[in-house]
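Structure first, then comments.
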There are 2 protein chains.
Amino acid sequence: MSEADLPPPAARFTRMSAPERRAELVAAALACMARGGIQDFTVDRICAKAGVSRGLITHHFGSMNGLLAAVYGAMYSAATEAARAPAPGESRLSVLLDAFFAPAVFNRSALTVWLTLWGQIAVNAELRAAHRAHYARYLDDVALAINEVAAANGRVVDPEALARTTICLVDGLGIQHCVDPASMPARRAKAACRRLLVPQIGRF
Amino acid sequence: MSEADLPPPAARFTRMSAPERRAELVAAALACMARGGIQDFTVDRICAKAGVSRGLITHHFGSMNGLLAAVYGAMYSAATEAARAPAPGESRLSVLLDAFFAPAVFNRSALTVWLTLWGQIAVNAELRAAHRAHYARYLDDVALAINEVAAANGRVVDPEALARTTICLVDGLGIQHCVDPASMPARRAKAACRRLLVPQIGRF
DNA sequence: GGATCAACTATACGGTTGTTCAACAAAGAG
DNA sequence: CTCTTTGTTGAACAACCGTATAGTTGATCC
């Protein structure tokens, strides 16, 4: 009976493995950032969202900068994992374009996070270095896919330069969708990319 | 003699007309933002940079949000004023492209400010409304210039759609230059724009 | 030369920031 | 069972945030 009279167990806190908790904190940080940009990327808001005490961010990430880097990594992973394996007869470039404008990637929340991260990259040397490393692999992937199509169509192009331009266009289309979604739906954005690429490398 | 013994006049402050002071505060805010993004867009830093007391921002702009709007307006003006009148026989589109990638516009400092402003636009409804209004006129200008070339070359295109895509590409190229200037110099950026446009509307 | 007005300073205010730290709780090892 | 480890709390900290406000300075007008 004495046990029954005790206040509800109400586990004062739930224990998690470090990787689980980190993932949860990153998710909470993403939610905050999607809603309010860098202004909502604060210890208080993120911990409240995650339902944990304020000390945990420092414990798991060392600092807010560490969490920011983790958030960037998570966004990058989500973007690259959106690309499935190409079906037989389907070009890898086509798959990439689908991935760029998939609903899970090309939506206002996610793009607000990207815009916020870019703003930080421009100002934070550490984050910028991490970005460049990721970007190099990203560029290679796109260049390879472009080269594949160009070769199949017997076109001669500079795959890297065209890949860089394509990525810039994708980024710019994302900004536009973020600021005014109706003016740049995913369908239109993808079509714009094709209109850039097809004259250079042929149909795909 | 008593006058000579006084501490140097050292005008405790210099007086300006309201528009002059506002311009100076906007310039200081731009400098801060270019260096440290939204984190350096603070009363303390801006007023220190401008060499005035902390009260002046509220006095002249009502709030930091007011100053932010003024900064946005200043950036927009600077961008549009970079376009000179077309020389005889020169297309307006060519002039626009020159303006987009002029050194005063296409440089890391200015683009850091833009990136920061976009991050705020994505999150600040007031600023977003102002941006859309500006953007509409901007879009019209580009569409008109595109249509001019297309008509001269006997091409049929959707000028507005192509203008929107072009602007997105310009923005994306700007991000890239901001994050890694060497990888996207103005020359290359301009060439990328032409590579998008020429297949659609012909040479200009 | 005194009144008026706007530009400006300087301080104070409550609230929020990121980080530190000692104490605590739960799980696993021996 | 005890000991160790580690995820977690919660409070404390100094620093900084934006805004409000009372008072000072300098130019302008009559």
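All chains are named by letter (A, B, ...) in the order of the sequence lines, taking the proteins before the strands, and each is independently numbered beginning at 1.
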Mind listing the residues from residues 32-50 of chain A sitting with a heavy atom below 4.0 Å of DNA chain D? Number order is fine.
none
Under 4.0 Å, counting only non-hydrogen atoms across every strand here, what does A:R54 touch: a base, just sugar-phosphate, or nothing?
base
Whole angstroms only, please: what is the CG-P distance between B:L56 and D:dT24?
18 Å
For A:K190, which residues count as a salt bridge (Lys or Arg N to Asp or Glu O under 4.0 Å) partner, sequence neighbours excluded?
A:D98
Kindly indicate whether a cation-pi arrangement holds for B:R194 with B:F204, taking the cut-offs as under 6.0 Å to the six-membered ring centre and within 45° of the axis.
yes
Determine the contact category for A:H59: base if any of its heavy atoms lies under 4.0 Å from a base atom, sugar-phosphate if only primed atoms, P, OP1 or OP2 are that close, otherwise nothing.
base
Atom pair distance, as rounded to whole Å: CZ in B:R21 and P in C:dT9
6 Å
Between C:dG18, C:dT9, D:dT9, which nucleotide has the shortest distance from any of its atoms to the side chain of A:V52?
D:dT9
Is a donor-acceptor contact shorter than 3.5 angstrom present between the side chain of B:R15 and the base of D:dT25?
yes
May I ask you to test the A:L111-A:F106 pair for a side-chain heavy-atom distance under 4.5 Å?
yes
Which part of the nucleic acid, if any, lies within contact of B:S63, taking any heavy atom under 4.0 Å across all strands shown: a base, the sugar-phosphate backbone alone, or nothing?
sugar-phosphate
Whole-Å distance, A:L67 CG to C:dT17 P, equals 14 Å
Pick the nucleotide of DNA chain C nearest each of B:R22 and B:G55; which residue has the one closer to the 5' end?
B:R22
Parallel, tilted or perpendicular, judged at 30° and 60°: which one describes the rings of A:H131 and A:Y72?
perpendicular
Between CE of A:M16 and P of D:dT9 the distance, given in whole Å, is 10 Å
What I'd like to find out is whether the side chain of A:V170 reaches to under 4.5 Å of the side chain of A:C193, using heavy atoms alone.
yes
Minimum-distance nucleotide to B:H60 side chain [options: D:dT8, C:dG18, C:dA7]
C:dA7
Using a 4.5 Å cut-off on heavy atoms from C-beta on, say whether the side chain of B:F61 contacts that of B:L25.
yes
